[in-house]
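What you see is a predicted model; the values in this text were computed from it and never measured.
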Amino acid sequence: MSMKTSNIKFKDRIDVQMQDDFMRKSVANAQERMFTNRAIAAEKLGNWEEWREMGMDIRNHVLENLDYYLQQLSDNVQKNGGHVFFARTAEEATAYVENIVQEKNAKKVVKSKSMVTEEIGLNKIIERNECEVVETDLGEYILQVDDCDPPSHIVVPALHKNRMQIRDVFKEKIDYQGSDDPEELTRYVRDYIRHDFLEADIGITGCNFAVAESGTVTLVTNEGNARLATSLPKTHIAVMGMERIVPTFEELDIVVSLLCRSAVGLPLTGYVTALTGPREDEHCDGPEEFHLVIIDNGRSDILGSEFKDILRCVRCAACVNTCPAYRHIGGQSYGSIYSGPIGAVLSPLLGGYDDFKDLPYACSLCRACHDVCPVKIPLSDLLLKHRQKMAESKQTPLLERATVGAFNFINARPLLWGNTVKVGATVASGLIRDGKLPVNIGVSAWTESRDLPEPDGESFRSWFKKRNKG
């Protein structure tokens with residue numbers, strides 16, 4: 001199962017996105033708004049760095065004791081009357097859900113927003129069983145109705161679309177006749193899909209954090225759709241990455257406080273929902289069956305590697321909201337369902353370098369993501385590790401390896417270096433005109449927005465030697 005969202009080459013994707021003026025303006029405005037709100041919310045909380053330290057410690061503790069907490073979580077979910085399935089791969093996870101769909105003879109599934117179900121391509125597997133899947137998160141629903149774009153942001157999946165585009169999509173696909181007013185658009189969708197909740201056989205959600213001590217699944221959302229998707233259908237399936245656990249509700253309070261402030265700049269989102277097993281006999285709301293699918297899909301390998309810090313991620317997208325690269329190229333350029341700095345680190349780990357070898361280079365190494373990550377993931381350090389691994393395994397372009405190898409050889413020999421610099425200064429002064437070279441030697445993309453310095457034909461060492469004599 002691939003997380004790829006495009007077969008177009010990385011540089012070609014960037015070229016297309018860089019021409020999309022609306023997308024770039026929308027991303028810039030959203031980044032500024034979210035970044036400002038996050039900073040205000042963090043300041044109001046007080047002692048933000050101490051909170052970040054606590055968040056990091058909690059996540060590290062869980063990762064160091066993951067086997068224990070997974071067992072505790074599984075035992076408690078089953079004690080509460082639920083079913084637990086550990087999926088080693090994406091294929092095992094989708095096969096388990098598909099089997100439930102077939103057993104229930106399900107004709108309709110309602111879903112709340114879930115990145116991990118995007119990661120494993122769950123919708124297509126369900127739909128091949130003649131079962132309709134309805135995304136009930138507004139952003140995900142827009143993309144599903146439009147049927148052409150994957151999510152461009154972890155928290156705001158339809159960030160790259162404006163309200164006029166959304167109005168036109170709804171007009172064409174779901175007979176919308178109103179204006180482009182966001183509230184009117186939202187009301188229409190609420191009315192339009194309300195019957196889907198009542199007709200659905202199965203509700204599927206992700207899981208922000210599972211509480212090991214009680215077997216509780218927690219959902220942090222901005223819309224009420226997740227509560228409908230987990231209350232009305234007779235069967236609820238929650239799908240979670242194996243690392244998304246906290247030991248107790250005390251730790252849940254801390255990580256949710258960090259998540260909400262980092263994601264949307266608020267003390268809490270609209271809804272924080274804690275679900276513990278299927279409904280009890282005396283209750284009228286809730287599913288008759290509850291299934292928790294816990295997915296590995298490469299996470300065990302990450303846990304045992306130098307990239308294990310990335311598993312602390314709480315999917316707040318604060319790193320995306322501050323990234324200058326994302327600001328200019330947008331989420332679609334990454335070609336993965338995970339975009340921004342988190343996507344540049346995680347996608348090659350889950351999907352392999354063959355598909356995502358370009359992403360670690362979609363970073364200026366400004367380290368802004370370090371400063372905002374609520375659990376202190378050293379994202380730029382991890383991106384450098386990716387680059388190092390690719391260089392060591394010779395997955396970088398041949399011309400690049402040859403150039404670096406030649407530089408290292410010459411640089412290690414002072415006499416050769418001095419003569420090369422002297423000759424190079426003379427040759428360069430005759431070749432560079434108006435900041436450009438007459439032939440492409442691998443710097444043409446760089447010089448599209450910059451000029452090469454025009455040398456005066458003399459190396460620095462020669463100039464310095466003359467200066468000292470003078």
Shortest non-hydrogen contact between [X] and [Y], atoms and distance:
| X | Y | answer |
| --- | --- | --- |
| Gly206 | Ala238 | O-CB, 4.1 Å |
| Gly351 | Phe356 | CA-CE1, 3.8 Å |
| Val372 | Ala318 | CG2-O, 3.6 Å |
| Gly330 | Met23 | CA-SD, 3.6 Å |
| Met54 | Ile254 | SD-CD1, 4.2 Å |
| Ala317 | His153 | CB-CE1, 3.6 Å |

[X] side chain to [Y] main-chain N or O, any donor-acceptor pair under 3.5 Å?
| X | Y | value |
| --- | --- | --- |
| Gln144 | Val133 | yes |
| Asn321 | Met34 | no |
| Lys385 | Glu306 | yes |
| Gln332 | Pro150 | yes |
| Lys113 | Asp137 | no |
| Gln31 | Cys323 | yes |
| Thr94 | Glu91 | yes |
| Arg59 | Leu311 | yes |
| Ser305 | Ile302 | yes |
| Arg52 | Asn47 | no |

Leu384/Leu365 under side-chain contact (heavy atoms from CB on, under 4.5 Å): CA gap, chis, key distance, verdict:
CA-CA 8 Å; Leu384 277 174; Leu365 301 179; 3.7 Å; yes
Is it the case that over 12 heavy atoms from other parts of the model lie below 6.0 angstrom from the [atom1] atom of [X]?
| X | atom1 | value |
| --- | --- | --- |
| Ile8 | CD1 | no |
| Asn7 | CG | no |
| Glu250 | CD | no |
| Lys25 | NZ | no |

Could you tell me whether the side chain of [Y] reaches within less than 4.5 Å of the side chain of [X], counting heavy atoms only?
| X | Y | answer |
| --- | --- | --- |
| Val239 | Ile295 | yes |
| Phe209 | Glu251 | no |
| Val264 | Asn37 | no |
| Ile377 | Ile310 | yes |
| Thr221 | Thr269 | no |
| Glu140 | Lys111 | no |
| Pro348 | Lys357 | no |
| Tyr334 | Ile329 | yes |

Could you work out, with side-chain hydrogen bond (donor to acceptor under 3.5 Å, both in side chains) as the rule, every residue matching Asn129, not counting sequence neighbours?
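Checked Asn129 against side-chain hydrogen bond (donor to acceptor under 3.5 Å, both in side chains); matches are Glu98, Gln102.
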side-chain contact (heavy atoms from CB on, under 4.5 Å) evaluation trace for His370 with Asp381:
CA-CA 9 Å; His370 282 219; Asp381 293 343; 3.8 Å; yes
Keeping to residues at least two apart or across chains, list the ring-ring contact (aromatic ring centres under 6.0 Å, His included) pairs with something in residues 13-61.
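The answer is His61-Tyr69.
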Can you tell me which residue pairs pass the ring-ring contact (aromatic ring centres under 6.0 Å, His included) test with a partner in residues 377-425, sequence neighbours excluded?
Phe307-His386, Tyr353-His386, Phe407-Trp417
Can you find a side-chain donor-acceptor pair between Gln395 and Ser393 that sits under 3.5 Å?
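A pair is found: one side chain offers a donor N or O, the other an acceptor, under 3.5 Å apart.
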Is it true that the side chains of Asp146 and Gln165 contain a donor and an acceptor less than 3.5 Å apart?
no
Once rounded to the nearest 0.5 Å, what's the spacing between atom [atom1] of [X] and atom [atom2] of [Y]?
| X | Y | atom1 | atom2 | value |
| --- | --- | --- | --- | --- |
| Leu66 | Leu303 | CG | CG | 6.0 Å |
| Ser336 | Leu359 | OG | CG | 6.5 Å |
| Glu49 | Asp371 | CD | CG | 8.0 Å |
| Ile142 | Arg163 | CD1 | CZ | 13.0 Å |
| Leu159 | Ser339 | CG | OG | 9.0 Å |
| Met56 | Arg312 | CE | CZ | 6.0 Å |

Yes or no on side-chain contact (heavy atoms from CB on, under 4.5 Å) for Val217 and Met240, after CA distance, side-chain angles and deciding distance?
CA-CA 9 Å; Val217 168; Met240 62 174 278; 5.6 Å; no
Under the side chain to side chain contact (heavy atoms under 4.5 Å, CB included) rule, collect the residues that match up with [X], sequence neighbours excluded.
| X | answer |
| --- | --- |
| Thr36 | Ile40 |
| Arg315 | Ile154, Glu243, Arg244, Arg299, Cys313, Tyr338, Leu346 |
| Glu92 | Phe85, Ala87, Arg88, Thr89 |

Would you please test Arg327 and Glu32 for salt bridge (charged side-chain N to carboxylate O under 4.0 Å, His left out) and show each step?
CA-CA 10 Å; Arg327 186 185 189 98; Glu32 290 172 9; 2.6 Å; yes
Going by the side-chain contact (heavy atoms from CB on, under 4.5 Å) test, name the single residue among Val255, Leu268, Leu266, Asn222 that passes it with Cys260.
Leu268
As a quick check of understanding, evaluate side-chain contact (heavy atoms from CB on, under 4.5 Å) for Val97 and Ile125, giving each step before the final call.
CA-CA 9 Å; Val97 175; Ile125 302 301; over 6 Å; no
Give the ring-plane orientation class for Phe460 versus Phe464, where under 30° counts as parallel, over 60° as perpendicular and anything between as tilted.
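If you compare the ring of Phe460 with that of Phe464, the planes turn out parallel.
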